[in-house]
Amino acid sequence: MSRYNVKEIESKWQRAWETARCFEVEADPQRSKYYVLEMFPYPSGRIHMGHLRNYTIGDVVARYKRAQGHNVLHPMGWDAFGLPAENAAMDRGVHPAEWTYANIDAMRDQLKTMGLSIDWSREVATCHPEYYKHEQAMFLDFLEAGLAYRKESWVNWDPVDQTVLANEQVIDGKGWRSGATVEQRKLPQWMFRITAFSDELLDAIDDLERWPEKVRLMQRNWIGRSQGARVFFPIAGRDESLEVFSTRPDTLYGASFCALSPHHPLTEELAESDPELRAFLKECEQLGTSEEAIERAEKRGYDTGLRCRHPFEPGKELPLYVANFVLMEYGTGAIFGCPAHDQRDLDFARRYDLPVIPVVLPPDADASTFEIGDEAYVGEGTAFNSRFLDGLDVDSAKAKAIERLEADGSGQGTVQYRLRDWGVSRQRYWGCPIPVVHCGECGTVPVPKQDLPVTLPEDVDFSAPGNPLERHPTWKRTSCPKCGGAAERETDTFDTFVESAWYFARFCSPRAEEALDRMSVDYWLPVDQYIGGVEHAVLHLLYARFFTRALQHCGYVGVAEPFAGLFTQGMIGHETYRSQDGKWLAPNEVRRGDGDDLVDLDGRPVTRGRVEKMSKSKKNTIDPTEIIEAYGADTARWFMLSDSPPDRDMEWTEAGVEGAHRFVQRLWRLITERVAEMPAAGTPATQGLGKDAMDLRRAAHKAVQSVTGDVDQFRFNRAVARMYELTNTLAAFKAKDEGDRWAEREATEYLVRMIAPMMPHLAEELWRILGHETMLVDKAWPQPDTTLTVEETVTVAVQVNGKLRATIELPRDAAEEQAQQAALSEPAVQRSLGEKEPRKVIVVKNRVVNVVA
RNA sequence: GCCCCUGUGGCGGAAUUGGUAGACGCGCGCGACUCAAAAUCGCGUUCCUUCGGGAGUGCAGGUUCGAUUCCUGCCAGGGGCACCA
């Protein structure tokens with residue numbers, strides 16, 4: 001008997017699907033559509049296990065929905081702009097474009113060995129001018145709609161590399177590449193007005209029912225809507241007021257100071273004539289934006305000498321500080337401090353000896369004795385020491401305080417968001433050029449749409465630090481579209497999150513002249529099922545949601561939300577290994593020694609570490625292409641889906657892959673051995689099947705029913721278990737007559753059809769072996785016969801006082817009396833009842849009989 | 001610090017959502033085949049047991065005829081946000 005030749009058969013079917021163009025689809029309003037999308041990869045050059053898991057899950061969904069009759073769009077593309085290409089250019093002198101396209105070719109080949117049901121005719125790479133020219137046009141529309149603008153804002157500046165760094169590229173206040181101390185610089189930056197949609201983006205989260213609750217929560221927190229008040233504090237001796245934001249206007253009577261952000265305009269003004277303040281600001285700057293570094297930073301401030309008048313008590317004056325913990329980006333860049341009810345304010349007050357006046361009394365505290373120690377009181381309570389607010393609970397006091405502020409004209413109730421506008425300028429070469437020119441006469445002028453795309457120059461020099469676009473000899477020299485005079489191109493390029501904020505829409509009409517063919521996007525959008533890692537729970541998903549709304553606003557698409565369903569997969573981990581001298585060892589540098597002990601290739605002992613996320617630094621990575629090479633794509637896919645629920649982290653183990661591979665071989669053997677005995681494909685059902693045949697039919701139909709439900713709910717590990725069960729049943733089945741053999745064929749075919757989305761090559765081959773001429777990929781998903789999935793008899797548990805004593809077989813839906821009688825006549829029940837009389841008998845139909853004594 | 005999630009055999013995990021805890025897989029043990037090994041097949045596999053049973057889903061309580069499931073309080077692990085006024 002022949003062994004299953006994985007390689008030959010897998011590539012045979014991959015070619016067959018491609019030749020038949022099985023997965024190339026067209027919009028067809030007559031048919032129900034289903035758009036499955038996995039987050040597209042960055043073309044690093046090699047696929048990794050995360051891709052393998054992501055695309056396996058997506059492919060199961062795509063093939064399953066396809067089998068259910070939907071017109072399935074399942075495209076693939078490349079998130080092709082980004083820093084690694086420039087690093088490669090600097091390190092190895094290879095041009096970013098060349099590096100990127102070569103990587104794309106390599107990764108496409110690798111992905112194709114997975115046997116994915118992808119419409120490759122729709123492939124796009126975001127670094128291609130045919131892609132990004134549309135992005136530039138969108139930007140011009142956003143600009144016109146007021147959704148894009150330019151403003152001065154603070155950035156992390158690496159003085160050695162002459163470049164702006166993202167927050168995650170600043171490590172301990174130093175540039176990740178140069179190691180230079182990062183400075184805060186103010187630069188003009190292009191921004192997207194995501195805050196224009198703050199409320200919409202927040203409220204619409206409620207309707208994203210097929211998103212993980214975790215992601216919805218993270219987005220809500222990120223947007224961070226908070227209700228509060230803007231309050232004006234007149235500055236003594238000046239003709240202006242300090243505007244602060246507070247969520248706690250009810251604590252105004254507890255205010256003991258006001259504080260400005262180091263970046264506040266008033267701070268800057270004061271600093272001009274105050275060297276001491278300048279020194280303090282310098283200190284603040286050194287803290288940088290590096291989060292870990294400021295962790296233990298003390299609350300510090302500088303007394304400006306100015307005094308603010310309390311809005312409710314003009315006689316009361318509060319000192320005005322500049323404080324290192326006040327953010328310019330949030331609220332108004334200024335606060336009033338109420339030490340009694342805010343921890344940061346309390347820390348600050350203790351340091352500078354400021355009064356601590358409690359104004360909220362905890363429910364069971366005594367007003368005459370209540371004091372604040374080292375901890376601010378932030379809980380519920382009643383206002384006191386607060387004049388007209390006294391006696392009110394926190395919420396009523398807030399409302400009343402706002403009412404009064406508004407009446408006095410010294411403030412108003414407002415809503416504040418944590419969400420900030422999205423800065424999209426990057427001082428980099430390998431990104432989408434921002435299509436504007438700077439003219440000495442006309443200022444910033446958009447490039448006219450007919451002049452798009454603004455393409456990147458190819459002859460660039462990466463030998464020096466800084467933006468190659470900036471120092472290119474000719475590229476930025478151009479003429480002003482308005483006045484025709486000499487002008488300079490914008491040398492900033494877009495953040496790469498911009499490309500990924502609309503690629504799902506481009507996939508609907510990837511070759512269209514216009515950016516988005518309206519008929520296509522109206523048919524395909526929104527994405528029905530989006531699949532990817534949780535690491536994109538906030539930024540990418542929020543940007544894409546914003547961008548879709550902006551596109552809707554500008555008339556490109558008809559939907560506001562891009563992703564109707566979202567699934568976030570877990571990470572893949574592997575055991576870690578270390579040699580005696582503490583060096584990490586890769587899994588293939590380790591083997592079994594005596595017993596359970598591990599040794600390295602020279603036989604020296606190895607310590608086994610915990611399972612950790614695969615990473616190059618810990619050397620615990622496994623290359624998916626090697627797995628596919630050794631076992632085939634089906635085995636790799638099957639293992640990915642077995643055992644662990646897809647949203648949880650899973651551990652990659654050699655034993656697990658072996659187990660999956662064993663199943664591939666077992667199924668192959670089982671079916672090839674038996675097919676000759678089975679009736680021909682398509683033989684009609686024999687009349688009068690025996691008990692064994694009926695039992696097998698029931699098992700098969702029940703398996704179809706539960707696998708269908710499991711796949712619908714992304715419970716692939718359970719679906720796999722059900723298919724193992726059916727395989728076991730089938731293996732134990734001994735056909736004795738024609739009827740048995742007919743049932744055996746039916747069950748076998750159902751099994752093969754259910755396995756198809758997960759192991760498409762094996763399924764296709766077995767389908768052929770079972771005598772079918774047409775491809776399984778075109779066969780509909782099986783429908784269970786519901787008359788077979790309901791058992792005639794059920795096993796009912798019998799308990800005495802809640803403890804299991806026996807099980808009884810009863811006809812389905814048997815009457816309570818019958819169940820009760822059968823239960824009580826069980827010897828085990830009698831034995832455990834002993835002398836006692838049953839006081840009560842609880843009967844749950846088809847489930848349990850509980851005798852209470 | 002705040003918010004969220006997760007704790008079930010040696011391991012990954014099931015449990016019809018309040019009704020027989022441990023499906024299925026891995027691992028392990030025993031047996032068959034073999035000169036032998038691998039592969040394969042069969043049986044067993046939560047723990048204790050005086051073989052009647054008893055205990056058991058992180059820990060301690062509670063609700064219930066009945067709790068892995070619901071409630072309260074702890075403990076442990078993981079994640080998110082982080083001077084957000």
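Labels below follow one simple rule: chain letters A, B, ... track the order of the sequence lines, proteins then strands, and each chain is numbered from 1.
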For B:rU20, does either OP1 or OP2 sit under 4.0 Å from a side-chain N or O belonging to A:R805?
no
Say you pick atom P in B:rC4 and the same atom in B:rU16; how far apart are they, in whole Å?
26 Å
Can you tell me the distance, in whole Å, between the CG atom of A:L318 and the P atom of B:rA85?
20 Å
Lys/Arg N to Asp/Glu carboxylate O, A:R608 vs A:E575, below 4.0 Å:
yes
Ignoring backbone atoms, establish whether A:R831 has a side-chain N or O less than 4.0 Å from OP1 or OP2 of B:rG53.
yes
Report the distance from atom CZ of A:R718 to atom P of B:rG25, rounded to the nearest whole Å.
16 Å
Between B:rC84, B:rU20, B:rG13, spot the one nearest the side chain of A:N717, thanks.
B:rG13
Regarding A:R718 and A:Q713, do their side chains bring together a donor and an acceptor under 3.5 Å, going by distance alone?
no
Which base, if any, makes a Watson-Crick or G-U wobble pair with B:rG77, both distances under 3.5 Å?
B:rC5
Separation of B:rU16 atom P from A:E725 atom CD, nearest Å, is 15 Å
Which base sits across from B:rU40 as a Watson-Crick or G-U pair, both distances under 3.5 Å?
B:rA32
Can you tell me how far P in B:rG77 sits from the matching atom in B:rC83, rounded to whole Å?
25 Å
For nucleotides B:rC5 and B:rC70, find the distance between their P atoms and express it as a whole number of Å.
12 Å
Under the criterion ring-ring contact (aromatic ring centres under 6.0 Å, His included), I'd like the reasoning laid out for A:Y352 against A:Y321: C-alpha separation, chi angles, the key distance, then a yes or no.
CA-CA 10 Å; A:Y352 295 102; A:Y321 284 82; 5.5 Å; yes
Using a cut-off of 4.0 Å on non-hydrogen atoms, how would the nucleic acid contact of A:V852 be classed: base, sugar-phosphate, or nothing?
sugar-phosphate
By the 4.0 Å heavy-atom rule, please label A:N850 as base, sugar-phosphate, or nothing.
base
What is the nucleic acid contact for A:F245, judged by heavy atoms within less than 4.0 Å: base, sugar-phosphate only, or nothing?
base
Is A:D345 touching bases, backbone alone, or none of the nucleic acid, heavy atoms closer than 4.0 Å?
nothing
Say we look at B:rA15 and B:rG7: how far apart would their P atoms be, to the nearest angstrom?
12 Å
Calculate the interatomic distance between A:L804 atom CG and B:rG54 atom C1'; express it in whole Å.
14 Å
For B:rA60 versus B:rG56, give the span between their P atoms, rounded off to a whole number of Å.
9 Å
With a cut-off of less than 4.0 Å, is there a side-chain N or O of A:R220 near OP1 or OP2 of B:rC4?
no
note: A:Q820, atom CD; B:rG19, atom P; distance rounded to Å ~ 21 Å
Non-hydrogen atoms of A:L419 and A:S198 that approach each other most closely:
CD2-OG, 3.7 Å
Taking any heavy-atom pair under 4.0 Å as a contact, classify A:V326: base, sugar-phosphate, or nothing.
base
Evaluate the ring planes of A:Y750 and A:H701, with Trp represented by its six-membered ring, and classify them as parallel (under 30°), tilted (30 to 60°) or perpendicular (over 60°).
perpendicular
Partner of B:rG56 by Watson-Crick or G-U wobble geometry, both contacts under 3.5 Å, or none?
none
Assign A:L217 to base, sugar-phosphate, or nothing according to its heavy-atom contacts below 4.0 angstrom with the strands shown.
sugar-phosphate
In whole Å, measure the gap between the P atoms of B:rA23 and B:rU8 for me.
16 Å
Using the P atom on both, measure B:rC26 against B:rG78 and round to a whole Å.
30 Å
B:rC51 pairs with, by Watson-Crick or G-U criteria that keep both distances under 3.5 Å
none
Counting only side-chain nitrogens and oxygens, does A:Y724 get under 4.0 Å of the OP1 or OP2 atom of B:rG25?
no
May I ask you to decide if A:M758's main-chain N or O and A:R637's side chain share a donor-acceptor pair within less than 3.5 Å?
yes
Atom pairs under 3.5 Å, N or O on each side, protein against nucleotides 8-12 of chain B: can you list them with distances?
residue	atom	partner	partner atom	Å
B:rG12	O2'	A:S644	OG	2.9
B:rG12	N2	A:D643	OD1	2.9

Comparing A:R722 and A:R248 on RNA chain B - which has the more 5′ nearest nucleotide
A:R722
Using purine N1 to pyrimidine N3 plus N6-O4 or O6-N4 for Watson-Crick, or N1-O2 and O6-N3 for G-U wobble, both under 3.5 Å, which nucleotide pairs with B:rU64?
none
Specify whether A:F312 and A:H310 have parallel, tilted or perpendicular ring planes, treating 30° as the upper limit for parallel and 60° as the lower limit for perpendicular.
tilted
Nearest-Å distance for atom pair CD1/P, residues A:I223 and B:rG80
19 Å
For nucleotides B:rU69 and B:rG62, find the distance between their C1' atoms and express it as a whole number of Å.
15 Å
Starting from the 5' end of RNA chain B, give me the residue, A:N221 or A:R344, whose nearest nucleotide shows up first.
A:N221
Pairwise distance NE2(A:H574) to CE(A:M49) - rounded to 0.5 angstrom
8.5 Å
Once you apply a heavy-atom cut-off of 4.0 Å, does A:T795 come out as touching a base, just sugar-phosphate, or nothing?
base
Students often mix this up, so state it plainly: with edges at 30° and 60°, are the rings of A:F233 and A:F336 parallel, tilted or perpendicular?
tilted
